[in-house]
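Here is the naming used below: chain letters follow the sequence lines, and residue numbers restart at 1 for every chain.
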Amino acid sequence: MNSHQPMKSQQQRVNRIWQVVQAIPAGRVASYGQIADLAGLPGRARLVGKVLGQAPKQMRLPWFRVVRASGQLAFAAGRAQAQEQKGLLQQEGVVVLGNRIKLDKFGWQPDLSEILGLEF
DNA sequence: ACAGTGACAAGTC
DNA sequence: AGACTTGCCACTG
């Protein structure tokens, strides 16, 4: 076992993902891959989808703010899940056209100016 | 052990 | 824009 690479339990990964998803501000959306990256799990976009599906409803996780990298909703247009997601997003002002969102308008990008220490 | 699956992504055509 | 391919990794039978 690589003792220099701390073993991360599956539960810890799940918790990291939930945290990041909670951090998405209302009115913006992020991609599965982006969530995975921010959670320190590059390349685990599919894991994010799985975890979202397993999250208990009572925790009020804003799962609907997570979409594909293309801006498409992850669910087929017209399916109940897609309709629900669309409705929740529109409630916070996100425009959903044909099962798709314009990421250049509504995509969430963690504030780089803060990370780089830039002032306004 | 191995093949199939999945709320994905990036590249190519 | 849409279809296909390959890479990805955890899970399941």
| request: Check each residue of residues 59-85 of chain A for a non-hydrogen atom within less than 4.0 Å of any atom in DNA chain C, then write out the ones that pass by number, or none. | output: none
| request: Considering only atom P, compute the distance from dA7(B) to dT6(C) and round it to an integer number of Å. | output: 22 Å
| said: Could you measure the distance from the CD1 atom of I101(A) to the CZ atom of R28(A)? Nearest 0.5 Å is fine. | reply: 11.5 Å
| query | If you walk 5' to 3' along DNA chain B, what is the first nucleotide with an atom under 4.0 Å of a heavy atom in chain A, and what is the last? | reply | dG6(B) to dA10(B)
| task | Identify the two heavy atoms, one from L103(A) and one from R68(A), that lie closest to each other, and give their separation to 0.1 Å. | result | CD1-O, 4.3 Å
| query | Between the side chain of R46(A) and the main-chain N/O of R44(A), is any donor-acceptor distance below 3.5 Å? | reply | no
| query | Below 4.5 Å, heavy atoms only, C-beta onward: do F75(A) and K86(A) meet side chain to side chain? | reply | no
| query | NA contact type, G53(A), heavy-atom cut-off 4.0 Å: base, sugar-phosphate, or nothing? | reply | base
| Rounded to the nearest 0.5 Å, what separation is found between the CG atom of L73(A) and the CD atom of Q83(A)? | 9.0 Å
| Passes side-chain contact (heavy atoms from CB on, under 4.5 Å), V66(A) versus V29(A)? Steps please. | CA-CA 6 Å; V66(A) 186; V29(A) 296; over 6 Å; no
| query | Between Q85(A) (side chain) and A80(A) (backbone), is there a donor-acceptor pair under 3.5 Å? | reply | no
| task | Check for a donor-acceptor pair, side chain of R100(A) on one end and backbone N or O of G71(A) on the other, with a separation under 3.5 Å. | result | no
| message | Tell me whether Q34(A) contacts the main-chain N or O of W108(A) through its side chain, where contact means a donor paired with an acceptor under 3.5 Å. | response | yes
| Q72(A) side, atom CD; N99(A) side, atom CG - distance, nearest 0.5 Å | 6.0 Å
| said: Please encode protein proximity along nucleotides 6-13 of chain C as a string of B, S and -, counting only heavy-atom distances under 4.0 Å. | reply: -BBSSS--
